[in-house]
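So the structure is just underneath, and the comments pick up after that.
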Amino acid sequence: MQKIANDNEDFDVTVHWVPGHANIHGNEEADKQAKKAAEGCQNNSPRTRLPHYLRLGSLPLSISALKQAHHQSTHARWSRIWSKSPRYARTHSIDPNILKHSFIKLTQSFPKRLTGLLMCLRTHHAPLNLHLNRIGKSLTASCPHCPRTEENVHHYLLTCPQYRQERHTLVRALGRKATSIPYLLTHSEATPHLVQYINATGRMKTTFGEITMLPKRAD
Ligand SMILES: [Zn+2]
């Protein structure tokens, strides 16, 4: 127990260790107030109740807390504006995660062509016959190798027997996760193997050429 001197009175403080982030009310409240103070909201305690050395100047601000607060408010503002955009409903119905930070983070170092290809696969607008037929660029929606089956993203990536060998290589590298389209299209460790699969099948070559993961100056 420690005695703290105040100008007006003395009071006792007992210091206990408590685990952090364990939903202990007092600790959570202290975290909240510390964060507020680090962001510059220091007026939540009357100055007369602060220890003497804190009454004169201001507390040093935390740059990382300020950055985090700025990032959160910018993101909240962007989300509000985006949710009112006419394109929001359509994009959201196709892929609710398309503009999530995780996708942006995944693709930020990729060449534009690879990002474009991933976007096409995620929105089901890849140059496969089902989509090409919808937009009048193919007479048929069927797979060129399987006349009775629509050529969609699922068929191209997971089931078309024409690409059995290429898929075998993909499964050997990624195991059972290679059968998950969300995994293939959203995880960075899957991307090089997916690129290898796509290049080996040659199916996207007409539209996207040879896909590479290295950014090019002219790309
Ligand atoms: Zn097929």
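All residue numbers in this chain count up from 1 along the given sequence. Whatever order the structure lists ligands and atoms in, that order sets their numbers, starting from 1.
- Shortest distance from the Zn ion (ligand 1) to H155 is reached at NE2 (N/O/S atoms only).
- You'll find the side chain of C146 reaches within 4.5 Å of the side chain of H155, heavy atoms only.
- When distances to the Zn ion (ligand 1) are checked against a cut-off of 2.8 Å, C146 contributes an N, O or S atom below that limit.
- Within the 4.5 Å cutoff, no side-chain heavy atoms of P161 are placed close to those of H145.
- The SG atom of C160 and the SG atom of C143 meet at the Zn ion (ligand 1) at an angle of about 110°, given to 10°.
- Within a 6.0 Å radius of CG in L139, no more than 12 heavy atoms belonging to other residues, nucleotides or ligands are found.
- Donor-acceptor pairing under 3.5 Å is lacking for the side chains of R203 and Y156.
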